[in-house]
Amino acid sequence: MLVTSALPYANGPIHIGHLVEYIQTDIWVRFQKLVGNRCLYICADDTHGTAIMIRAGKEGRSEVDLITQMSRAHQADFAGFDIGFDHYGSTHCEENRMLCGEFWAAMRTAGLIVERDVAQLYDPESNTFLSDRFVRGTCPKCGARNQPGDNCGSCGATYSPTDLIDPRSTLSGAVPILREAPHLFVQLEKLHAFLETWIDQGGALQSETANYLKGQFLANELRDWDISRPAPYFGFEIPDAPGNYWYVWFDAPIGYIASTLQWCKANGGNLDDWWRNPDCEIHHFIGKDITYFHTLFWPGMLHAAGYQLPTKVHIHGFLNVGGEKMSKSTGTLVAAETFLKHADPGFLRYFYASKLGARVEDLDLGADEFVDKINSDLIGKVVNLASRVGKFASRTGLADTYPDDGGLFASAAAAGDEIAEAYEACEYSRAMRRIMELADAANPFVEHARPWDLNKDPAQLETLRDVCTVAANLFRQLAIYLAPVLPKLAEQCGDWLGDPIRSWDQSQTPLLGKPVQPFVRMMDRIQVEALHQMMEESRTPEPATADPASRWNDSDQPLKAEPLAAEISIDEFAKVDLRIARIIDAQQVPEANKLLKLTLSLGGEERRQVFAGIKAAYEPEQLIGRLVVIVANLTPRKMRFGLSEGMVTAAGPGGAEVFLLGVDEGGQPGQRVH
RNA sequence: GGCGGAGUAGCUCAGUUGGUUAGAGCACCGGCUUCAUAAGCCGGGUGUCACCGGUUCAAGUCCGGUCUCCGCUACCA
């Protein structure tokens, strides 16, 4: 079988959010290898695209220089967390260029490619077409300034970058111009029927994902996929369309194959054994953000080029920290490197394992929960089991026959199948729970056997040896079951008992008649301060903007929408009698579309009935009791629903966007506004 | 608005096809212990299984409805 994790983009360091995926995959791969499956774990850096090109330009170096350095950093981070790739390549390699050409030719032959002109914003100063994220401007809907080209961070509207008011290139600050260029498209609709069948019958997807695709994409005609980018672009030039490059999402997944090919070259393998062999399972582990690339485009590409389709696409959710999205400003976006400075990588591996299931669900890392889980499970239950008999065991060695342990070893051995099934199904949290149950059962054995008393009586040496034999073997079982998650622990256990852990089956037979090495401590408790420190270190404060105007980022739209009125004198203003009033009752007017009926108090017994057009913006209950500003000397107006004796002041474009004027603390009903 | 998931002890969760008195770990309280890394053992459940209704001899579990939270999505890939 062949297993992949998504290719990390060569534009930033690995952080604990990425690691969810690599740890999830690595556990699965280690499990497969442990049970004896032939398994290759393939990954690579994803290196192409505008972002890389621009960053390299900014840093004044070549793209190759940038991605080379980034790849080194990524691999060091992964190694630090014991992610055991069989091969780690790069999408920027000759193998990938060759394979891209092969896929391309196949797709051309299949008649999937068409050419069409696309108008895109172009930066005339840096001579680059601008993808959405490199254009910023004023939101056409709400008028918020300095918003990205695809959607508004303020009102959430989505639009195309050409809709932006006053657009600017983030590269040069230049005003982008609209320029047409021919693009090449994949007509995915031609593969509609194939994809439908694959999704329905392949069993490759979690049910929620299949459901999502069917409802979201396959229910309609599939749109053509824009697969080329005009120069300049860091990537591979399309052989039969000079001046055009494959879009990064074309060559990235092909990188899985290219990286496998590199492995084959280095290890004497045959690529078709892995990618064109119906007997070879192919498993992709990805995050939910790139679902459709891997479940629509990629299967389509593989199908067109005659490669084996994925057996399973395992999709996981995102990581939250402390119940919130990771962010640089709160320091929850902890780099892999930073984590390693403060804590054992095994802790993160175990924590994720204890939280991961087979569903597409986000998981949460809480500092206290993390510390509790590590200290009580790993330290208190697992490692401590070995530690309790460590000193004695190295003196007594292991007995020649397995002593009576009340059935503990046998029942833990019997649990092996269930635990294995949980690993296989990616239900790691279930596996961890079962393993901890075994650890819970093992510790009382030591307690009741009282090896510390036996140790004082030389005549009891045999019994002591038996107790140590049981405890050491129960610990070894745990280490084997945990080996996919905690490879270091398995190694330490192997060193201690002089028998390396290589296979899942070792959990079924006790280790006997061997000397035991001096016990060395395996893990240390973690303090919650360690987590706080790594977050503190990861915090990069929101850049404080010097210019107050840009800090608030207020739009000029409202003023443009409603320009200033003609000048008036102070006397004219004085004619308008504005008063503070308290809303003492607010009622729906069922027949009215926009109106609420308000009863206002101006203090004392003075009451006003006012109809206000704020129905869409406010619930009556939330209005009662609050102070508003009203025009108190307005001629009463007879309306369909009754007399309106004044007007409540409010701003905003209307509809739900209505904002009542408030009164600061201390203002009283009846007071005039001057 | 649509789709999906969740709601069980203070916290994290388990609870299989309905079936005794609803569970585990952690936390907490009491006692014991000292081999072990402020570790361990024994005992202790403090719950309106979100809410309402229905089916049933029997509902955390099945059905209908309501509420709350989360994720995705709203024609952008």
Side-chain angles (χ1 to χ4, degrees), chain A residues 131-133 148-151 156-163 185-186 188 206-217 219-227 247 249 288-293 296-297 315-318 320 323-325 351 354-355 357 359-366 368-393 395 418 422 427 429-430 432-456 464 467-468 471 475 519-527:
Chain A
S131 66
D132 295 358
R133 43 185 300 217
D150 48 357
N151 62 73
T158 56
Y159 42 74
S160 112
T162 50
D163 297 334
F185 289 82
V186 178
L188 215 57
Q206 290 128 301
S207 59
E208 62 265 45
T209 306
N211 203 344
Y212 158 76
L213 292 172
K214 282 191 273 188
Q216 207 63 42
F217 295 93
N220 307 304
E221 190 173 295
L222 292 165
R223 263 181 296 272
D224 292 350
W225 182 34
D226 184 353
I227 205 177
Y247 176 46
W249 265 110
K288 63 182 182 182
D289 51 328
I290 54 177
T291 296
Y292 63 83
F293 290 112
L296 294 177
F297 303 141
I315 305 175
H316 61 80
F318 292 152
N320 291 323
E324 295 185 356
K325 283 185 178 160
F351 183 80
S354 77
K355 302 286 272 187
R359 317 241 56 147
V360 186
E361 268 168 3
D362 292 354
L363 62 151
D364 188 57
L365 193 165
D368 291 332
E369 193 193 343
F370 184 94
V371 169
D372 283 352
K373 201 160 252 201
I374 297 309
N375 287 347
S376 54
D377 290 1
L378 290 187
I379 312 296
K381 291 178 187 174
V382 177
V383 171
N384 193 228
L385 181 62
S387 180
R388 304 182 75 171
V389 297
K391 218 186 319 179
F392 310 137
R395 205 154 51 73
E418 196 187 326
E427 294 283 3
S429 63
R430 193 197 302 160
M432 295 308 106
R433 209 166 46 239
R434 288 294 287 121
I435 295 169
M436 287 311 136
E437 283 171 18
L438 302 180
D440 275 333
N443 270 302
F445 171 84
V446 179
E447 182 72 15
H448 294 133
R450 305 180 69 81
W452 54 94
D453 286 342
L454 301 173
N455 186 45
K456 289 173 189 154
L464 178 61
V467 171
C468 291
F475 169 71
F519 185 77
V520 286
R521 104 204 242 106
M522 297 177 177
M523 283 181 190
D524 288 301
R525 322 190 115 235
I526 181 168
Q527 307 292 326

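Values below: every heavy atom of this structure, side chains too, minus hydrogens, waters and symmetry copies.
Among the protein residues, A/F293 comes within range of no part of the nucleic acid, since none of its heavy atoms lies under 4.0 Å from any strand. Using a 4.0 Å heavy-atom cutoff across all strands shown, A/W225 reaches sugar-phosphate atoms only and no base atom. Contacts of A/G215 with the nucleic acid, taken as non-hydrogen atoms under 4.0 Å apart, are absent. Residue contacts for A/F297: at a heavy-atom cut-off of 4.0 Å it reaches the sugar-phosphate backbone alone, with no base atom in range. Among the protein residues, A/N384 comes within range of the nucleic acid bases, having at least one heavy atom under 4.0 Å from a base atom. Residue A/V383 is in base contact, counting any heavy-atom pair closer than 4.0 Å across all strands shown.
Distance from the side chain of A/R450 is smallest to B/U33 among B/U73, B/C35, B/U33. In the set B/U73, B/U12, B/A36, B/A36 carries the atom at the smallest distance from any side-chain atom of A/R388. Here the nucleotide nearest the side chain of A/W452, chosen from B/U33, B/G40, B/C72, is B/U33.
Only the P atoms considered, B/C41 is 11 Å distant from B/A27, to the nearest whole Å. Rounded to a whole angstrom, the distance from the C1' atom of B/G15 to that of B/C75 is 42 Å. Remark: the separation of the C1' atoms in B/C49 and B/A24 is 16 Å, to the nearest Å. Across the C1' atoms, B/G19 and B/U61 are found 11 Å apart, a figure rounded to whole Å. B/G45 and B/C3 have their C1' atoms separated by 39 Å, with the value rounded to a whole Å. B/C57 and B/C11 have their P atoms separated by 38 Å, with the value rounded to a whole Å. B/U56 and B/G18 have their C1' atoms separated by 9 Å, given to the nearest Å. Between the C1' atoms of B/G25 and B/C67, the separation comes to 31 Å (whole Å).
Across every non-hydrogen atom of A/S429 and A/S354, the tightest pair is CB-O, 3.2 Å. When all heavy atoms of A/A442 and A/L385 are compared, the closest pair comes out as CB-CD2, 3.7 Å. A/S376 and A/D372 make their closest contact through OG-O, 2.6 Å (heavy atoms, listed as atom of the first residue, atom of the second, distance). Taking both residues in full, the closest heavy atoms of A/P451 and A/V446 are given as CD-O, 3.2 Å, listed atom of the first, atom of the second, then distance. Between A/D440 and A/P444 the shortest heavy-atom distance is O-CD, 3.0 Å. Residues A/V371 and A/I526 approach most closely at CG1-O, 3.6 Å, considering heavy atoms.
A salt bridge links A/K288 to A/D362: at least one charged side-chain nitrogen sits closer than 4.0 Å to a carboxylate oxygen. Contact check on A/R434 versus A/E427 returns no salt bridge, with no Lys/Arg side-chain nitrogen under 4.0 Å from an Asp/Glu carboxylate oxygen. Look at A/E447 and A/R388 and you find a salt bridge, because one of the NZ, NE, NH1 or NH2 atoms lies within 4.0 Å of a carboxylate O, short of that distance. A salt bridge between A/K381 and A/D377 is present, with a side-chain N of the basic residue lying under 4.0 Å from a carboxylate O of the acidic one.
Residue whose closest nucleotide on RNA chain B sits further toward the 5' end, between A/D524 and A/H448: A/D524. Between A/P444 and A/K355, it is A/K355 whose nearest contact on RNA chain B lies nearer the 5' terminus.
Remark: RNA chain B forms stems of 3 or more consecutive Watson-Crick or G-U wobble pairs, all pair distances under 3.5 Å, at B:1-7 with B:67-73, B:10-13 with B:23-26, B:28-32 with B:40-44, B:50-54 with B:62-66.
Put simply, CG on A/L454 is 10 Å from C1' on B/C35, counting in whole angstrom units. The separation between A/F217 atom CZ and B/A77 atom P is 9 Å, rounded to whole Å. Taking atom NZ of residue A/K325 and atom C1' of nucleotide B/C72, one finds them 11 Å apart after rounding to whole Å. Regarding A/Q216, its CD atom lies at a distance of 12 Å from the C1' atom of B/A77, rounded to whole Å. At whole-Å resolution of the value, CE in A/M523 and C1' in B/A36 are 16 Å apart. Distance, A/L213 CG to B/U73 P: 12 Å, rounded to whole Å. For the pair A/D453 CG and B/G40 C1', the interatomic distance rounds to 14 Å; values are reported in whole Å. We find that CG of A/N375 is positioned 18 Å from P of B/U12, with the value rounded to whole Å.
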Contact list (N/O, under 3.5 angstrom) for nucleotides 3-5 of chain B vs protein:
unit_1 : atom_1 : unit_2 : atom_2 : d
B/G5   : O2'    : A/E361 : OE2    : 3.2

Show the distances under 3.5 angstrom between N or O atoms of the protein and N or O atoms of nucleotides 23-27 of chain B.
unit_1 : atom_1 : unit_2 : atom_2 : d
B/G25  : O3'    : A/K381 : NZ     : 3.1
B/G25  : O2'    : A/K381 : NZ     : 3.2

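Of the side-chain N and O atoms in A/R223, one or more sit less than 4.0 angstrom from OP1 or OP2 of B/A77.
The backbone N or O of A/V360 lies less than 3.5 Å from a partner atom in the side chain of A/E208, making a donor-acceptor pair.
The distance from atom CG of A/N384 to atom CZ of A/R521, rounded to the nearest 0.5 Å, is 11.0 Å.
Aromatic rings from A/F297 and A/W249 are positioned such that their centres are separated by 6.0 Å or more.
Between A/Y292 and A/F217, the ring-plane angle classifies as tilted under the 30° and 60° cut-offs.
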